[in-house]
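Quick note on labels: first sequence line is chain A, next is B, and so on, each numbered from 1. Treat the numbers as computed from the prediction; the structure is a model and nothing was measured.
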Protein chains: 2
Amino acid sequence: MSDALTYIRDGAAIYERSFGIIRAEANLARFSPEEEKVAVRMIHACGMVELADDIDFSPTFAAAAKAALRRGAPILCDANMVAHGVTRARLPANNPVVCTLVEQNVAALAAELGNTRSAAAMELWRNRLEGAVVAIGNAPTALFRLLEMLDEGVARPAAVIGMPVGFVGAAESKAALAADGRVPYAIVKGRKGGSAMAAAAVNALASEKE
Amino acid sequence: MSDALTYIRDGAAIYERSFGIIRAEANLARFSPEEEKVAVRMIHACGMVELADDIDFSPTFAAAAKAALRRGAPILCDANMVAHGVTRARLPANNPVVCTLVEQNVAALAAELGNTRSAAAMELWRNRLEGAVVAIGNAPTALFRLLEMLDEGVARPAAVIGMPVGFVGAAESKAALAADGRVPYAIVKGRKGGSAMAAAAVNALASEKE
């Protein structure tokens with residue numbers, strides 16, 4: 001550990017250098033300036049510049065999500081890790097950050113509905129969905145359930161960050177969101193995703209500051 | 001969304017199928033049975049079977065970490081996302097899950113020490129480090145600082161999950177931990193890592209149940 005003292009200890013300098021490396025190495029040319037900032041922060045969260053190739057934004061996503069956040073829209077998260085990854089100091093309107101997964105009746109509701117707790121937790125979003133920013137970073141079943149709820153006629157969120165991760169349903173649920181077309185979306189195609197990426201997207205949209 | 005109803009809604013079945021896909025696709029042959037369970041759960045957290053090639057365990061890591069957790073060792077996390085990714089129901093001894101990053105004096109301490117908040121937060125670990133399980137899933141500076149504190153003579157943790165992510169210091173801090181040799185470790189080599197992987201490692205070690 002003799003060369004330990006050489007590491008960079010200034011948080012702002014670490015961010016600046018990290019973002020510089022990402023912009024030097026990642027293929028970001030197809031993104032708009034607003035989208036590029038979101039992609040850079042998502043790449044920062046996972047350490048993989050190649051993630052850029054898997055990120056897909058619908059044309060109105062970045063503008064819709066940013067406007068919603070400025071209006072004070074709640075951020076509805078499928079997992080506590082997403083909610084805890086949102087940097088409160090970056091939010092433009094002290095936006096509520098909501099995760100209903102751990103509310104008391106969710107386990108019973110899941111049993112009643114025959115679905116996962118993540119999907120059942122979204123029943124508690126119904127009266128908050130209109131104009132909200134949805135951030136799904138964990139459960140494919142949450143994203144599938146959101147699409148079913150849109151079929152059932154719930155009020156539409158302003159934008160959906162659809163980034164569940166994993167091997168069963170993740171790729172399929174994100175493809176279904178992109179094919180659906182009813183709400184502006186950001187996805188990571190395939191199996192990759194996760195709470196850190198979803199929170200990073202929120203954090204990028206929340207403030208112009210990098 | 002016409003084929004939405006076909007998705008799997010049973011959480012246990014989703015886990016089982018996911019782990020089956022990981023074991024079919026990932027190259028896990030070089031791991032011991034105990035290590036393999038940790039690797040599988042880390043891969044599950046990020047959706048990437050190729051992660052297996054980047055995971056490195058020191059020989060005594062899995063046994064040391066599991067024994068510490070059974071003894072009731074605290075889990076010291078560098079980030080709230082790590083702490084919130086630990087599944088409390090899996091812990092064998094109602095282990096304390098500690099993240100000191102948001103304690104009130106940390107920002108002032110960081111300014112005083114000329115280091116990041118993540119590194120400063122670890123000053124508050126000093127009297128909890130002995131025999132603890134450390135889970136670093138975010139900040140390279142936290143891992144560098146831990147190595148410095150070992151140089152300063154702090155009591156040794158039982159095991160260190162060293163999985164900071166990113167472009168500045170992540171690869172270097174993990175290589176330094178592996179080279180150091182004073183504490184049993186698990187790392188992800190290179191830029192990859194993150195709070196989900198670190199929490200997944202804890203969750204795998206905490207219970208025999210998959």
Side-chain angles (χ1 to χ4, degrees), chain A residues 1 3-5 7-11 13-15 17-22 25 43-49 79-85 110 113-119 138-141 144-145 147-148 150-151 165-170 172-173 176 179-180 190-196 199, chain B residues 1 3-5 7-11 13-15 17-22 25 43-49 79-85 110 113-119 138-141 144-145 147-148 150-151 165-170 172-173 176 179-180 190-196 199:
Chain A
M1 193 51 197
D3 58 354
L5 297 174
Y7 71 90
I8 308 182
R9 294 150 189 260
D10 176 338
I14 293 169
Y15 264 100
R17 188 177 290 202
S18 298
F19 287 8
I21 292 169
I22 293 166
E25 292 187 20
I43 290 168
H44 178 255
C46 67
M48 299 184 290
V49 293
N80 265 312
M81 286 184 79
V82 179
H84 283 274
L113 297 173
N115 209 325
T116 65
R117 287 198 305 126
S118 294
N138 184 43
T141 52
F144 277 128
R145 184 72 195 115
L147 293 170
E148 289 178 335
L150 289 171
D151 285 346
V165 60
F167 298 88
V168 176
E172 295 82 353
S173 64
D180 182 85
R191 291 170 169 180
K192 292 193 190 82
S195 47
Chain B
M1 193 51 197
D3 59 354
L5 297 174
Y7 71 91
I8 308 182
R9 295 150 190 259
D10 176 340
I14 294 169
Y15 264 99
R17 187 176 291 201
S18 298
F19 287 7
I21 293 170
I22 294 165
E25 293 187 20
I43 290 168
H44 179 254
C46 67
M48 298 184 291
V49 293
N80 265 310
M81 286 183 80
V82 179
H84 284 275
L113 297 172
N115 208 326
T116 64
R117 287 197 305 127
S118 293
N138 183 42
T141 52
F144 277 128
R145 183 74 194 114
L147 292 170
E148 290 178 335
L150 290 170
D151 284 348
V165 59
F167 298 88
V168 175
E172 296 83 353
S173 64
D180 183 84
R191 292 172 169 178
K192 293 191 189 85
S195 47

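- In this structure the side chain of B/I8 never reaches within 4.5 angstrom of the side chain of A/F144, judged on heavy atoms.
- Minimum heavy-atom separation, B/G114 to A/R9: O-CB, 3.4 Å.
- Note: A/F167 CZ to B/R17 CZ = 14.0 Å, rounded to the nearest 0.5 Å.
- Between chain A and the residues B/A119, B/G169, B/G47, the largest count of heavy-atom pairs under 4.5 Å involves B/G47.
- Interatomic distance, OH of B/Y7 versus OG1 of A/T116, reported as 7.0 Å (0.5 Å rounding).
- Between chain A and the options B/I22, B/N138, B/V49, B/L150, heavy-atom pairs under 4.5 Å are most frequent for B/I22.
- Nearest heavy atom pair, residue A/M81 against residue B/G85, reads SD-CA, 3.4 Å.
- Proximity to chain B (any heavy atom under 4.5 Å) is restricted, for A/E25, to the side chain, taken from C-beta onward.
- The nearest pair of heavy atoms linking A/V168 to B/S18 is CG2-OG, 3.4 Å.
- A/A196 touches chain B through backbone and side chain together, each having a heavy atom under 4.5 Å away.
- A/A45 touches chain B through its backbone: at least one of N, CA, C or O sits under 4.5 Å from a heavy atom, while the side chain does not.
- Of the listed residues (A/I14, A/L113, A/N80, A/V82), the one with the most heavy-atom contacts under 4.5 Å to chain B is A/I14.
- Around CZ of A/F19, the count of heavy atoms belonging to other residues, nucleotides or ligands within 6.0 Å exceeds 12.
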